[in-house]
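Only this structure's heavy atoms are used, side chains among them; waters, hydrogens and symmetry mates stay out.
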Amino acid sequence: MNSEAIATVEAYFEAFGTRDMERILSHFAPDATWTIPGDPALTPWAGRRTGPEEIQQSLTAFFAAVEPLAFELQAMAEADGRVLVPGRYASRFHPSGQVLEGEMVLRFTIVDGLISDYRVFEDSLGITRTYLGEPLTTAPA
């Protein structure tokens, strides 16, 4: 049986897959924080955002720049309202057109059925280089 926190994360992923901004944002608390590693001056969707307007700005930039080619989530783990979601992805980044495959861990904190904190752990340097069209110095894992 899934916990309420895992059910909230699953509903978020379902909404995210539709790219319906209103539906996605409905899963976040009004003062939610959204943190994606990287320099927002180089990777527009990166950085720390707070609240639905700033989260929407990050998502809009992400949707414009990232074409998902593969997205695979592994088993979610939950403890005390925190949900960890490991996974793999392959994405084409625009405008460079380059593809990056990588692994990530997503961490959600759920309070009263809403996401209060979202953090991504991934190869932010590889993503930035791919987005900018720079060569990667090491092979992806």
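Residues I24 and L59 form a side-chain contact, since some pair of their non-hydrogen atoms from C-beta on lies under 4.5 Å apart. Residues E67 and V99 are not in side-chain contact: their nearest non-hydrogen atoms beyond the backbone lie 4.5 Å or more apart. Residues I115 and T109 are not in side-chain contact: their nearest non-hydrogen atoms beyond the backbone lie 4.5 Å or more apart. Between P44 and Y131 the shortest side-chain heavy-atom distance falls below 4.5 Å. In this structure, V105 and V85 have side chains that are not in contact, with every pair of non-hydrogen atoms separated by 4.5 Å or more. For the pair V9/M76, a side-chain contact is recorded, criterion being any heavy-atom separation below 4.5 Å from C-beta on. Between T33 and R49 there is no side-chain heavy-atom pair separated by less than 4.5 Å. With a 4.5 Å cut-off on side-chain heavy atoms, V120 and P37 count as touching.
Checked by atom type and distance alone, the side chain of T18 pairs as donor or acceptor with a backbone atom of D20 at under 3.5 Å. Under the 3.5 Å distance criterion, the side-chain polar atoms of S96 are matched with a main-chain donor or acceptor of T130. Judged by distance alone, the side chain of R19 and the main-chain N or O of F63 form a donor-acceptor pair under 3.5 Å.
Here the CG-CG distance, from L125 to D39, works out to 11.5 Å after rounding to the nearest 0.5 Å. We find the CD1-CE distance between I127 and M104 to be 9.5 Å, quoted to the nearest 0.5 Å. Here the CD1 atom belonging to I36 is positioned 7.0 Å from the CD atom belonging to E122, to the nearest 0.5 angstrom. One finds the OG atom of S26 at 12.0 Å from the CE atom of M21 (value rounded to the nearest 0.5 Å). From T8, atom OG1 reaches atom CZ of F13 across 12.0 Å, with rounding to the nearest 0.5 Å. In this structure, CD on E4 lies 8.5 Å from CD1 on I110, to the nearest 0.5 angstrom.
Note on F108: it clusters hydrophobically with F62, by side-chain heavy-atom contacts below 4.5 Å among ILVMFWY residues. Hydrophobic cluster membership differs between L73 and L84, with clusters built from Ile, Leu, Val, Met, Phe, Trp and Tyr side chains linked at under 4.5 angstrom. Linking ILVMFWY residues whenever their side-chain heavy atoms come closer than 4.5 Å, directly or via other members, leaves L69 and F93 in distinct clusters.
Looking at every heavy atom in both residues, G133 comes nearest to Q98 through O-NE2, 3.3 Å. Smallest separation of non-hydrogen atoms from P40 and G38: CD-O, 3.5 Å. Nearest heavy atoms, P86 versus A75: CD-O, 3.4 Å. Across every non-hydrogen atom of R23 and A15, the tightest pair is CG-CB, 3.7 Å.
One finds a salt bridge joining D117 and R107 here, because a Lys/Arg side-chain nitrogen approaches an Asp/Glu carboxylate oxygen to under 4.0 Å. Looking at R88 and E72, no side-chain N of the basic residue comes within less than 4.0 Å of a carboxylate O on the acidic one, giving no salt bridge.
Taking the six-membered ring wherever Trp is involved, the centroid distance between the rings of F71 and Y89 does not fall below 6.0 Å.
Residues passing the side chain to side chain contact (heavy atoms under 4.5 Å, CB included) test with E78, sequence neighbours excluded: S3, A5, I6, V83.
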Please list every donor-acceptor pair under 3.5 Å in which a side-chain atom of residues 51-58 meets a protein atom from a residue at least two apart or in another chain.
from : atom 1 : to  : atom 2 : distance (Å)
E54  : OE1    : T50 : N      : 2.8
S58  : OG     : W34 : NE1    : 2.8
S58  : OG     : W45 : O      : 2.7

Report the C-alpha separation of Y118 and L106 in whole Å, then their side-chain angles, then the decisive distance to 0.1 Å, and conclude whether the side chain to side chain contact (heavy atoms under 4.5 Å, CB included) test is met. CA-CA 7 Å; Y118 170 79; L106 309 175; 3.7 Å; yes
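Cluster partners of L114, using a side-chain heavy-atom cutoff of under 4.5 Å among ILVMFWY residues and allowing indirect links: none.
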